[in-house]
Amino acid sequence: METSLRKKTCGKMIPLQGNDIDTDRIIPARYMTGITFDGLGEHAFHDERFDRFGKEKQHPYNDPRFKGHSILVVGKNFGCGSSREHAPQALMRSGITALVGESFADIFAGNCTSLGIPFAVLKQTDIEELAAACIKNPDCEACIDVEAQEVVCGSRRFSATLPESSRSAFISGLWDMTGVLLANKESVLTKAAELPYFNHFSKFAKVV
């Protein structure tokens, strides 16, 4: 099986201040009516970025200094609230390839893992330092090293953590569950043939 590893992800940062930023703020529910995830990226943080008249508010996504940047630096309990997969989908489709934060909601973190979006957990003081660094110099780059569990920015190295299950998935490339299933199609079909609910229970019906 061809794997897509996520051992190290580098990019310029977007500082997003505040704790407990929930999934409804990441992607409002009214943009979740489609049958695909297409177009979600343009609506990421929509109500945080625009007023009801469509006028831009002050927000990092609207700041030209951070245009095209790909690592989101966040606070505590990011991605809390509903379990909608649309939240990390919207972030990914808006150009985000990795996140660094003080903590992440469990279901949100699981959804990020399933999409191959690494997320690193740092101490509050380290997050504040990273945010200050990219505000001072928007062109500075950070690298999230999942295997070494650290975030590097210039000469600074920050110790990072993430759940071992996610870390192993990113390192091995097995975060893509659909890819794993497709790569093992024959085994899946063989097992399905053994299961009664895939065969109308015909093998297990009594002969009268």
Applying side chain to side chain donor-acceptor pair (under 3.5 Å), can you list everything that pairs with Glu129, at least two apart in sequence or on another chain? Arg156
For Phe50, which residues count as a ring pair (Phe, Tyr, Trp, His ring centres under 6.0 Å) partner, sequence neighbours excluded? His46
Excluding sequence neighbours, so at least two apart, what forms ring pair (Phe, Tyr, Trp, His ring centres under 6.0 Å) with Phe158? none
Applying side chain to side chain donor-acceptor pair (under 3.5 Å) to Ser103 and not counting sequence neighbours gives none
Any residue meeting side chain to side chain donor-acceptor pair (under 3.5 Å) with Gln124, in chain and number order, not counting sequence neighbours: Glu128
Contacts of Asp51 that satisfy salt bridge (Lys or Arg N to Asp or Glu O under 4.0 Å) - sequence neighbours left out: none
Identify, with sequence neighbours excluded, every residue that meets disulfide bond (SG atoms under 2.5 Å apart) alongside Cys10. Cys143
Residue list, side chain to side chain contact (heavy atoms under 4.5 Å, CB included) with Thr161, at least two apart or on another chain: Val121, Gln149
Under the salt bridge (Lys or Arg N to Asp or Glu O under 4.0 Å) test, residues paired with Arg49 that sit two or more places apart: none
With sequence neighbours left out, the residues meeting salt bridge (Lys or Arg N to Asp or Glu O under 4.0 Å) with Lys76 are Glu102
With Arg30, which residues qualify under side chain to side chain donor-acceptor pair (under 3.5 Å), at least two apart? Asp47
With Phe66 via ring pair (Phe, Tyr, Trp, His ring centres under 6.0 Å) - residues at least two apart: His69
